[in-house]
**Q** 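Have a look at this one.
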Amino acid sequence: MEKTVVVILAAGRGTRLGALTETRPKALLPMGQTTLLRHQIDCIAATGFPLDHVLVMTGHGASQVEEAIREFPVASSLVDGYAGANNIVTLREGCSRAADRYSGASRIVIVNSDVLAAPALFERILSAPSDCAAMVDAGKPLGAEEMKVRVDQGRILCFSKDLDPGDANGEYIGLSVFAGPGLARLAAALDELVSAGRIDLWYEDAFNRVANEAPIVALDTGGLPWIEIDDQRDYERAQRMFEELRVS
């Protein structure tokens with residue numbers, strides 16, 4: 001029987017947020033009376049998914065994250081060398097430690113901890129019928145900063161910030177799932193790139209190696225609200241958005 005593990009990537013500091021994340025991790029940014037990470041865990045719990053199969057990858061402010069999740073049965077794991085690397089290292093460690101900690105794990109749901117999203121989007125990615133899928137917003141205006149995707153007949157062909165917005169079909173929002181041969185290929189691609197010293201890359205570079213061999217389905221957000229928090233302006237927008245995203 002398939003065993004799913006949710007891996008939340010929460011190692012980074014978020015330097016563009018300045019003083020907001022100087023002494024705390026981005027995942028613990030306040031959202032109303034809660035935090036960004038707590039909101040994600042609440043959304044996951046609301047789907048009925050077992051929280052003892054959630055693994056939070058930590059780095060900056062790791063002890064604060066561990067304290068914040070103490071009330072939940074979720075696990076945490078510190079990423080070695082997170083400060084000098086991009087998120088490809090965090091995902092590589094997350095896949096490896098999920099496999100070690102949860103014997104028989106055959107399906108991994110990836111969650112970027114800096115994403116505030118509607119509860120229904122967590123439900124959608126957790127229940128994705130495809131082995132490999134990624135949530136895509138096809139309606140958002142695209143610029144240089146967004147992680148853009150090119151899609152053909154529902155299959156993602158490429159993930160890249162460098163895609164020409166005019167050639168892209170949407171933005172990857174930081175929620176994805178990998179299982180079966182696609183998960184094995186992802187783990188191998190992460191190992192290959194990190195072993196080659198490419199710790200400067202985004203993890204989506206590994207996704208592209210999977211996409212060359214196995215279909216990654218684009219799951220549309222359907223206009224449901226979400227935001228990736230990269231800077232102060234994003235955070236202010238997220239705070240205004242939060243009330244409509246509360247888990248009922």
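What you see is a predicted model; the values in this text were computed from it and never measured.
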**Q** Applying side chain to side chain donor-acceptor pair (under 3.5 Å), name anything that partners R155, two or more places apart in sequence or on another chain.
**A** none
**Q** Enter the distance from L36:CG to I227:CD1 here, rounded to the nearest 0.5 Å.
**A** 10.5 Å
**Q** Are any non-hydrogen side-chain atoms of C132 and F207 less than 4.5 angstrom apart?
**A** no
**Q** Would you please name every residue forming a side chain to side chain donor-acceptor pair (under 3.5 Å) with D137, sequence neighbours left out?
**A** W226
**Q** Taking all heavy atoms of G84 and all of I199, pick out the closest pair and write down the distance.
**A** O-CD1, 3.5 Å
**Q** Ignoring hydrogens and angles, state whether a donor on the side chain of N112 or Y172 is under 3.5 Å from an acceptor on the partner side chain.
**A** no
**Q** Taking only residues two or more places apart in sequence, or in another chain, which ones meet Y235 in a ring-ring contact (aromatic ring centres under 6.0 Å, His included)?
**A** none
**Q** Would you say the side chain of L91 lies within less than 4.5 Å of the side chain of L9, judging by non-hydrogen atoms?
**A** yes
**Q** Nearest heavy-atom pair of I173 and V115: which atoms, and what distance?
**A** O-CG2, 3.1 Å
**Q** With sequence neighbours left out, what residues match R240 under salt bridge (Lys or Arg N to Asp or Glu O under 4.0 Å)?
**A** none
**Q** Would the distance check show the side chain of D205 and the main-chain N or O of L201 forming a donor-acceptor pair, the cut-off being under 3.5 Å?
**A** no
**Q** Could you check whether any side-chain heavy atom of I44 comes within less than 4.5 Å of a side-chain heavy atom of I8, counting everything from C-beta outward?
**A** yes
**Q** Would L142 and V151 show up in the same hydrophobic cluster when neighbours are defined by side-chain heavy atoms closer than 4.5 Å?
**A** no
**Q** What are the two closest heavy atoms between A27 and A10, and how far apart are they?
**A** CB-CB, 4.0 Å
**Q** By side chain to side chain donor-acceptor pair (under 3.5 Å), which residues pair with E22, not counting sequence neighbours?
**A** none
**Q** Would you call F49 and F122 a side-chain contact if the rule is heavy atoms closer than 4.5 Å?
**A** no
**Q** Counting neighbours of CD on Q153 that are heavy atoms of other residues, nucleotides or ligands and sit closer than 6.0 Å, is the number greater than 12?
**A** no
**Q** Could you list the residues that satisfy salt bridge (Lys or Arg N to Asp or Glu O under 4.0 Å) with R38, not counting sequence neighbours?
**A** D42, E71
**Q** Does D200 pair with R198 as a salt bridge, N-O distance under 4.0 Å?
**A** yes
**Q** Can you confirm whether T58 sits close enough to P25 that some side-chain heavy atom of one is under 4.5 Å from a side-chain heavy atom of the other?
**A** no
**Q** If you round to the nearest 0.5 Å, how far is CZ of R107 from OG1 of T4?
**A** 4.0 Å
**Q** Residues in ring-ring contact (aromatic ring centres under 6.0 Å, His included) with Y82, at least two apart?
**A** none
**Q** Assess whether side chain to side chain contact (heavy atoms under 4.5 Å, CB included) is satisfied between R150 and D167, documenting all intermediate values.
**A** CA-CA 7 Å; R150 184 180 293 128; D167 294 332; 4.1 Å; yes
**Q** Testing the basics here: between L55 and R101, what is the closest heavy-atom pair and its distance to 0.1 Å?
**A** CD1-CD, 4.5 Å
**Q** Calculate, to the nearest 0.5 Å, the distance between atoms NE2 and CG belonging to H39 and L29 respectively.
**A** 13.5 Å
**Q** List the residues meeting salt bridge (Lys or Arg N to Asp or Glu O under 4.0 Å) with R97, not counting sequence neighbours, and say none if there are none.
**A** D80, E93
**Q** In chain order, what residues pass the ring-ring contact (aromatic ring centres under 6.0 Å, His included) check against F72, with sequence neighbours excluded?
**A** none
**Q** Flag the pair F242 / T34 as yes when at least one side-chain heavy-atom distance between them is below 4.5 Å, and no otherwise.
**A** yes
**Q** Rounded to the nearest 0.5 Å, how far apart are CD1 of I88 and CD of E204?
**A** 9.5 Å
**Q** Same hydrophobic cluster for V136 and V109, using side-chain heavy-atom links shorter than 4.5 Å among ILVMFWY?
**A** no
**Q** For R209, enumerate each residue passing the salt bridge (Lys or Arg N to Asp or Glu O under 4.0 Å) test, keeping only those at least two apart in sequence or located in another chain.
**A** E192
**Q** How close do V7 and A98 get, counting heavy atoms only, and between which atoms?
**A** CG2-CB, 4.1 Å
**Q** Can you tell me how far apart CG (D131) and CD1 (I216) are? Round to the nearest 0.5 Å.
**A** 11.5 Å
**Q** Can you tell me how far NZ of K148 sits from CD1 of I156, rounded to the nearest 0.5 angstrom?
**A** 14.0 Å
**Q** Do P119 and Q40 make a side-chain contact, defined as non-hydrogen atoms from C-beta onward lying under 4.5 Å apart?
**A** no
**Q** What pair of heavy atoms forms the shortest contact from I69 to A75, and how long is it?
**A** CD1-O, 4.2 Å
**Q** Side-chain heavy atoms under 4.5 angstrom apart, residues restricted to Ile, Leu, Val, Met, Phe, Trp, Tyr: same cluster for F159 and M135?
**A** no
**Q** Same cluster or not: are I41 and V6 linked, directly or through other Ile, Leu, Val, Met, Phe, Trp or Tyr residues, by side-chain heavy atoms under 4.5 angstrom apart?
**A** yes
**Q** What pairs with R16 under side chain to side chain donor-acceptor pair (under 3.5 Å), at least two apart in sequence or on another chain?
**A** E145
**Q** Holding to ring-ring contact (aromatic ring centres under 6.0 Å, His included), I want the full list of residues that pass it with H53, two or more places apart in sequence or in another chain.
**A** Y102
**Q** Same cluster or not: M147 versus I125, using hydrophobic residues (I, L, V, M, F, W, Y) connected whenever any side-chain heavy atoms lie under 4.5 Å apart?
**A** no
